[in-house]
Each structure stands twice: as C-alpha cells, then as structure tokens.
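Before anything else, here's the structure in question.
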Amino acid sequence: MANNSNHTVRIAAAQMTSINDLTSNFNTCSHLVKEAVAAGAKMICFPENFSFVGARDGESMKIAEPLDGPIMQKYCSLARESNIWLSLGGFQEKGPDDTHLCNAHVLIDDTGHLRSTYRKIHLFDVDIPGGAVFKESSFTEAGKNIVVVDSPVGRLGLTVCYDLRFPELYQRLRYQHQAQVLLVPAAFTKITGEAHWEILLRARAIETQCYVIAAAQAGKHNDKRESYGDTLIIDPWGKVVGRLPDRASTGIVIADIDFSLIDSVRTKMPISEHMKPLKFWNSASP
C-alpha cells in the first residue's frame, strides 16, 4: 500500500462552472493547475464534466472521444508540463456505439501517463421532486468495475457523483481494496445538493475512515442547468478540513492528507476488525 508512513502530502480540489466550450474549460483547468502547483499540491481533483457541459441534448455525444484522443492528450500534456497528478472526473469517453458514451473518471500521473480509468457504475435516472427529470442511461453506458489506484497522495478509490448514494461501493473500496482516499467528482443538482451533498460525503468518510475529496461543478452552466457547488475535503473522522468560501466561485481548496491520522482513527476505532458477516433471518421460520 502506498504512503503508509507518518507524513502528510498536499492535495487540491477544484471548483468550476464548465460550459459547452472545450477550449474555455481547458484554460480554466490550466489556471487552477498553476494555483495547485504553487500551493505545493501533488494532485488536483477536477469535478465531473470538467472538460464539457452541453447546453443542448446530444452535444456531449458529439464531442465524446476515446481516451487517446486530442482532448485527453491536452490534459496529459498539462499534467506532464506541470509535474502534477490529475484526477479528471466525468470525462465524455466515446462509448461502445454511436448513441452511448462512458462517464469516465481518468487518473493521470505527473509524467502525463494515464494510470487508471473508472467508468461510472450508478447512472442518474431520477425525477427530482420540484426539479427536473434526468435519464443518464439514455446516452451513457454504465461501468462494471471498481477501481483503486496507488498514488503520491495515498491509495485512491475512484467514483463519480451519483455513486455517492450507494455506500456498498465505498465499503468495498475501503474494506476489500484498502483505499485511503475516496475521490467524488460531481455535478450535483441544486435541489439534491442542498438536501444531501455534505451529509452523504461526511457519512462516507466516517463509515470508511478515509479522506473524501469532493470536487464540484458550481453555478449556472446554461439556461437549463445549474450545479450546487460546495467543493469539500473531509478527513477520516468526518471533519471538513477544506472548503471554498462560497458555492459558486471558481477556485481550489487545499488540504493535507495526514497518513498518521488515517492510522490513528482506524486503530482507535477498528471497524474493520469488528465487522461481522450478516445472515438473513426469516421471522416466519422456527
């Protein structure tokens, strides 16, 4: 397991308002990377749909590319030239056919190489009370595999946005695959964000005794779409240790991953040792 000694390493989480302009979004990401490097971060985490948010139906499908295409190659060059790891959550990867893409969380190392790719498992097919109707599965192919990656900022568990509502995924990342840091790039809606964003993130941190890095889309992307924002970094005790001053601005938040704190929390409250296999009990049986 990576980085298990008693030291700290700095991580950054970005907040931005992506639009339907690949160049504009890349320029924003480049600026935020410079800020993260200047602050001493070894990795910066970007939100879901960092490179593109469509204003009309079908736009995301039109710009979707393979991971070796020119869009991702620009971000690989950015990582290499800046000497920093990039967590790129929610990239529109060209899918298995002309009507589907994959919502891909791509990890790039500081030499510009793709280290791993997680494809979003849980798709956002929801009729929000008082809000809009979303059907991500109509154009997105669901992923099937859990992904954990060793990095300079710890052993990372990769997820995307709506995955946050499915605690079993995070339990498996920690207790089966020994994750230390959980990445949750997101573009939460305003209504669901106000109700559930922070409490779910803190719950995942507490349940798994991991750091949670939640980079968020923020504000109005276009006339039809608005994201909640509130980029957060949460420690293994469930304490918010990094937060932007407001939910709408573009910027980064910095925090130190403290590996001794991870070890301390897990030693003092050894959940992994206390877990018991659960058996179904039928009250009708004798």
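Because the structure is predicted, anything quoted here is derived from the model rather than measured.
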* Kindly compute the distance separating NZ (Lys34) from OG (Ser30), expressed to the nearest 0.5 Å. => 7.0 Å
* **Nearest non-hydrogen partners of Asn222 and Gly54, listed with the distance** => ND2-O, 3.2 Å
* To do: Using the six-membered ring wherever Trp is involved, compare the ring planes of Phe26 and Tyr75 and label them parallel, tilted or perpendicular (cut-offs 30° and 60°).
  => perpendicular
* State the NZ-OG1 distance between Lys135 and Thr140, to the nearest 0.5 angstrom. => 11.0 Å
* Output the distance between atom OG1 (Thr192) and atom CZ (Phe134), rounded to the nearest 0.5 Å. => 8.0 Å
* **Side-chain donor-acceptor pair present, Ser18, His221, cut-off under 3.5 Å** => no
* Structure fact -> Minimal heavy-atom distance between Leu114 and Cys76, with the atoms involved, is CD1-SG, 3.2 Å
* Greater than 12 external heavy atoms within 6.0 Å of Asp57's CG -> no
* Gln209: partners by side-chain hydrogen bond (donor to acceptor under 3.5 Å, both in side chains), with sequence neighbours left out -> Arg174
* **Side-chain donor/acceptor of Thr267 to backbone N/O of Asp263, under 3.5 Å** => yes
* To do: Starting from Val133, walk the hydrophobic network (Ile, Leu, Val, Met, Phe, Trp, Tyr; side-chain heavy atoms closer than 4.5 Å) and list everyone else you reach, by chain and number.
  => none
* Are the side chain of Asp256 and the backbone N or O of Asp258 linked by a donor-acceptor pair below 3.5 Å? -> no
* Are Asn103 and Tyr118 close enough that a side-chain donor and a side-chain acceptor fall under 3.5 Å? -> no
* Asked: Just how far is it from atom CD of Glu136 to atom CG of Asp125, taken to the nearest 0.5 Å?
  -> 7.5 Å
* Decide whether Val106 and Met43 are clustered together by the hydrophobic rule: side chain heavy atoms of Ile, Leu, Val, Met, Phe, Trp, Tyr closer than 4.5 Å, transitively. => no
* To do: Tell me, please, which residues at least two apart from Glu59 pass side-chain hydrogen bond (donor to acceptor under 3.5 Å, both in side chains).
  => Asn20, Arg56
* Asked: With distance as the sole test, does Ser249 use its side chain to make a donor-acceptor pair with the main-chain N or O of Pro245 at under 3.5 Å?
  -> no
* Taking the side chain as every heavy atom from C-beta outward, state whether Leu158 and Val148 have any pair of such atoms under 4.5 Å apart. => no
* Asked: Do the non-hydrogen side-chain atoms of Ile213 and Ile257 ever get within less than 4.5 Å of each other?
  -> yes
* Asked: Among the clusters formed by ILVMFWY side chains lying less than 4.5 Å apart, do Val149 and Ile108 turn up in the same one?
  -> no
* Asked: Taking Gln92 for the side chain and Phe52 for the main chain, is one N or O donor matched with an acceptor at less than 3.5 Å?
  -> yes
* Asked: Which pair of heavy atoms, one from Leu183 and one from Cys45, lies closest together, and at what distance?
  -> CD2-SG, 3.9 Å
* Asked: Taking side chain as C-beta onward, heavy atoms only, is Ile254 less than 4.5 Å from Arg10?
  -> yes
* Asked: If only atom types and distance count, is the side chain of Gln15 paired as donor or acceptor with the main-chain N or O of Thr231 below 3.5 Å?
  -> yes
* With sequence neighbours excluded, residues passing side-chain contact (heavy atoms from CB on, under 4.5 Å) with Glu198 -> Arg202, Asp230, Leu232, Val240, Arg243
* Is a side-chain donor or acceptor of Gln180 paired with a backbone partner of Arg155 at a separation under 3.5 angstrom? -> yes
* Are side-chain N/O atoms of Gln217 and Ser227 paired as donor and acceptor at under 3.5 Å? -> no
* What is the minimum heavy-atom distance between Pro152 and Val9, and which atoms define it? -> O-CG1, 3.5 Å
* Quick one: does Ser77's side chain have a donor or acceptor within less than 3.5 Å of a partner on Gln73's backbone? -> yes
* Asked: For Arg172, what residues pass the side-chain contact (heavy atoms from CB on, under 4.5 Å) criterion, not counting sequence neighbours?
  -> Ile146, Glu168, Gln176
* Indicate the atoms forming the closest heavy-atom contact of Glu93 with Ala104, along with that distance. => OE1-CB, 3.7 Å
* If two hydrophobic side chains count as joined below 4.5 Å and joins carry through other members, does Leu22 share a cluster with Leu101? -> no
* Asked: Among side-chain atoms of Arg165 and His196, is any donor-acceptor pair under 3.5 angstrom?
  -> yes
* Asked: Roughly how far, to the nearest 0.5 Å, is the CG atom of Asp109 from the OG atom of Ser116?
  -> 11.5 Å
* Please name all residues satisfying salt bridge (charged side-chain N to carboxylate O under 4.0 Å, His left out) with Glu194, sequence neighbours left out, ordered by chain then number. => Lys190
* **Validation row: Pro236, Leu261 side chains within 4.5 angstrom (heavy atoms)** => yes
* Asked: Would you call Leu67 and Phe91 a side-chain contact if the rule is heavy atoms closer than 4.5 Å?
  -> yes
* To do: Give the C-alpha distance, both sets of side-chain angles, the deciding distance and a yes or no for side chain to side chain contact (heavy atoms under 4.5 Å, CB included) between Glu207 and Gln171.
  => CA-CA 8 Å; Glu207 293 164 350; Gln171 296 281 313; 3.5 Å; yes
* Within a strict 4.5 Å, meaning less than it, do heavy atoms of the Ser87 and His105 side chains meet? -> yes
* Asked: Is there a side-chain contact between Ile233 and Val212 (heavy atoms, below 4.5 Å)?
  -> no
* To do: Report whether Val160 and Trp85 are members of the same hydrophobic cluster (ILVMFWY, side-chain heavy atoms less than 4.5 Å apart, transitive linking).
  => yes
* Asked: Would a distance-only check, ignoring hydrogens and angles, find a side-chain to backbone donor-acceptor pair under 3.5 Å from Asn49 to Val53?
  -> no
* **pair Thr159-Tyr170: side-chain heavy atoms closer than 4.5 Å** => yes
* Would Glu141 and Arg119 count as a salt bridge (Lys or Arg N to Asp or Glu O under 4.0 Å) if you check the C-alpha gap in whole Å, the side-chain angles of each, and the deciding distance to 0.1 Å? -> CA-CA 9 Å; Glu141 179 85 3; Arg119 294 170 179 90; over 6 Å; no
* **Minimal non-hydrogen separation, Phe46 against Ala14, with atom names** => CD2-CB, 3.6 Å
* **Any donor-acceptor pair under 3.5 Å from Asn25 side chain to Ser51 backbone** => yes
* **Flag, side chain of Arg115 to backbone of Leu107, donor-acceptor distance under 3.5 Å** => no
